[in-house]
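Single-structure report; data block below.
Every chain is numbered from 1, with letters handed out A, B, ... down the list of sequences. Predicted, not measured: the structure shown is a model, and the values here were computed from it.
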Amino acid sequence: VTAGASELRSVLRGLPGGTLVLAVPRAAQPATRRVAGALLDEAAAFGGGHRAGLPAAELLVGTSPAAAARAAEALADIAALAARSFIVPEETGALEAWVAAQPPPAPAEAGIAALEARCAALPLEAAASLTFFAEGESERPVAQRLGPAPFPVEDAELAEQARDWLCRRVLGALTDPRAFAKLPPLRPGLRLLLDLPGAALPGGGMMGGGGGGAPPIALLPAATLGAPGQAARAAQLEAAGWRVAHLAADAALAAAWRGPGLLAAPPPEEASPALGGGFIALGRAHPAWCRAPGILRELPGRGPGA
Amino acid sequence: MSSALALSDANAATEALALAAMVRDSVVSGVERRALMLRFSRLPEGLRDPRHSRLLAEALAPMHRPTRARVFELPGGDRVVVAPPPGQHLEEMRADLGRLLPETDLDDWAPLLRLPAEAAALLGAVEEALGLGLAAPAEEAAAPPPPASEALDAALRALAGADVAAVQRRAGVWRLAPGDDGATLEATDIRAHVPDLVERLLPGSGFAALPGLGRRFRRAAERRLLADLVRPPGIRNMGAVALPLALASVTEAEALRLYGAAGPEGRRRISLSVPLGDALADPAGLALTARYTAARGLSLGFEEVEAAELARLDLARLVPGSIRLRFRPALLSAPAGTRDALDAALPEDRSRIVLTGVDAPVAIAWAWQRGITRFMGRVLEARRAAG
């Protein structure tokens, strides 16, 4: 028995023939789910019917075809969700199959203390990720990024905090010989990119990456750009021999970037003057401009994060 | 007191701006000038009586003689006389003042400054006279420690049922253009004052080290505020409303109910603004929120952006609505390069900018020079209080 099958049966029980059911997949982000819910409420107010929640989907039952079509369009445009219409009981089998095919939802976060405990309990091997970067046309790694492994949390605020907690664990392991052995093995001779938590570390100073060659790069979350004290923090890092790059999760931010300073982000389709001179292209899909000199490009399929 | 005093002088902002511009010109072009600052506000009370005023007026009479000197009147009765070198008559005037008030320290209240060498001192003194509290902000106080996760969970539970009416703050968004008789109220800004709630629920703690959880706390507070606003009278009959909210609050259930209750007409009167930090932390959330608010006819902008951020990111590209720019006194004395970068970064449509933190008229002057005519801050609130 798949999740939601019995709930679906009780929703469909006793519906008159020819009832329209609009089925909407459950969005990953809570904000998207709330917006989708509001759009369905609006459709129900406009075309009748009622909402019914399943564990992995949301249904609008018994609304008018016009309202369902309008809602489906709004869901696609605003929430990027693909809704489907079914007529029950005629298409009950298809609806059941659709519901069964929806991926089960992740368990809800029990609270901040629980999340902190989860981050602390994660084995170091799973908490850290090492990825490699090439420059120009070559596929040979010239740089390596040590940072927190992707940690699936639905809520953006909690995800931000989880990244910080994992970041601190990885940094702590760098200076602890026994823990260091559990980190993915850094390759000698490659330039280092190191993820730092959003808030400054207690005690402050970071030591320089030493020696000649390209300076190591500290990756700070873009959200810290305007936060108090962060300009001083960046200056301190630079004085200690680091370069500072801001880490953005979205190509739209990279497209809006004007500099000065280095940005690490999924690349936008088009290069811009602010990115052409220096940029760290994250992710797997890289437009041709990311093969220009001075741009570090993440290599696919390496490290535990891949 | 300074802002109220400054307001009584309708020209203070314009004069201060003209003086600041003149000082900057001198710095850029290297043209020498002499400036005599007359900071009467620094004289002891006893020396500001009518008898002394008359004597001072006599000593200062040469100031008004047709010379190549220019006099700038500053708020609070202070003046600055600027002349090309050698500025002989400035020195004579200063000597007269010294003879008249031998018990005072001329260097303190009537310094003679050389431009461009001492430009910073003059600008600093002007800003201080305008009540901008020019003194460089002292070393940031050590941030309070973050709350423990368990305490935070408990605080969030308490917040879910808390009455946040006591921490609700309202302020005006004003339009004031050069030549206007007075400022026009454009919208009422309503927010939950989060620091008070943190103090009440997590005394002694702060979120500086936990930015993501700080956003979560703020959102929990704002859900209560939004629930209050849905209930009558709420924002009905209120005219235009500006709601600064955490990004995730904009799509909270309570917010969605508020937009629904407002109806299409009411939604057009709601302008939302979110912190840039929230948007940078959750760009996908920003994109969703921008699409949703656009579809519902709500305006979405950024709240409290610092000038440096505005120069680094093309913010007008990320949101369609207003961008609130935080005024800092340092903007007045920023080096030319920084200033040009900021000016180039301002959205072409200046009506999209709201200058916040307008606590002294000089901020208005700074804004007018850039075509900005929408404001928030103490100067304008004082104007409202004064009727």
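- A 4.5 Å side-chain heavy-atom check between B/Leu288 and A/Gln29 finds every atom pair outside the cut-off.
- Separating the CZ atom in B/Arg296 from the CD atom in A/Glu42 is a distance of 4.0 Å, to the nearest 0.5 Å.
- With contacts defined as side-chain heavy-atom distances shorter than 4.5 Å, the pair A/Leu253/B/Leu318 qualifies.
- For B/Ala308, no part lies under 4.5 angstrom from a heavy atom of chain A.
- Under the 3.5 Å distance criterion, the side-chain polar atoms of A/Arg258 are matched with a main-chain donor or acceptor of B/Leu310.
- Here the closest heavy-atom approach between residue B/Leu213 and residue A/Trp165 is recorded as CD1-CH2, 4.3 Å.
- For A/Glu73, the CD atom counts as loosely surrounded, since its 6.0 Å shell holds 12 or fewer non-hydrogen atoms of other residues, nucleotides or ligands.
- Looking at B/Leu256, only its side chain comes within 4.5 Å of chain A, counting heavy atoms on both sides.
- Within the 4.5 angstrom heavy-atom criterion, atoms from both the backbone and the side chain of A/Ala255 approach chain B.
- Neither the backbone nor the side chain of A/Ala248 comes within less than 4.5 Å of any heavy atom in chain B.
- Between B/Pro211 and A/Gln161, the closest heavy-atom pair is N-OE1, 4.5 Å.
- Between chain B and the options A/Ile112, A/Asp155, A/Leu115, A/Leu158, heavy-atom pairs under 4.5 Å are most frequent for A/Ile112.
- If you measure heavy-atom distances from A/Leu263 to chain B, you find no contacts under 4.5 Å at all.
- Using a 4.5 Å cut-off between heavy atoms, B/Arg157 does not touch chain A at all.
- For B/Glu252, the parts lying under 4.5 angstrom from a heavy atom of chain A are both the backbone and the side chain.
- Heavy atoms closer than 4.5 Å to chain A are found nowhere in B/Arg257, neither backbone nor side chain.
- Both the backbone and the side chain of B/Glu150 come within contact range of chain A, each with at least one heavy atom under 4.5 Å from a heavy atom of that chain.
- Using a 4.5 Å heavy-atom threshold, the side chains of A/Leu225 and B/Leu280 count as touching.
- Atom CZ of A/Arg70 has 12 or fewer neighbouring heavy atoms from other residues, nucleotides or ligands inside a 6.0 Å radius.
- Ranked by heavy-atom pairs shorter than 4.5 Å toward chain B, the options A/Thr224, A/Thr32, A/Leu39, A/Asp164 are led by A/Thr32.
- Contact annotation for B/Ala345: both backbone and side-chain heavy atoms come within less than 4.5 Å of a heavy atom of chain A.
- The two residues B/Ser149 and A/Ala113 have their closest heavy-atom pair at CB-CA, 3.5 Å.
- Annotation for A/Ala249 and B/Pro283: closest pair CB-CG, 4.0 Å, computed over non-hydrogen atoms.
- One N or O on the side chain of B/Arg312 and one on the backbone of A/Pro260 form a donor-acceptor pair closer than 3.5 Å.
- Side chain of B/Asp153 to main chain of A/Gly111: no donor-acceptor pair is present (N/O by atom type, distance under 3.5 Å, no hydrogens or angles).
- In this structure, the portion of B/Leu156 lying under 4.5 Å from any heavy atom of chain A is its side chain and not its backbone.
- Of the possible donor and acceptor atoms, none in the side chain of B/Arg291 sits under 3.5 Å from a partner among the backbone N and O of A/Ala79.
- Both the backbone and the side chain of B/Arg216 come within less than 4.5 Å of a heavy atom in chain A.
- Here the closest non-hydrogen pair linking B/Ala248 and A/Arg34 is O-NH2, 3.2 Å.
- Neither the backbone nor the side chain of A/Asp41 comes within contact range of chain B; no heavy atom of the residue lies under 4.5 Å from a heavy atom of that chain.
- Contact check for B/Leu286 versus A/Asp250: no side-chain heavy atoms found under the 4.5 Å cut-off.
- Across every non-hydrogen atom of A/Glu160 and B/Ala281, the tightest pair is OE1-CB, 3.6 Å.
- Heavy-atom distances place both the backbone and the side chain of A/Glu157 under 4.5 Å from chain B.
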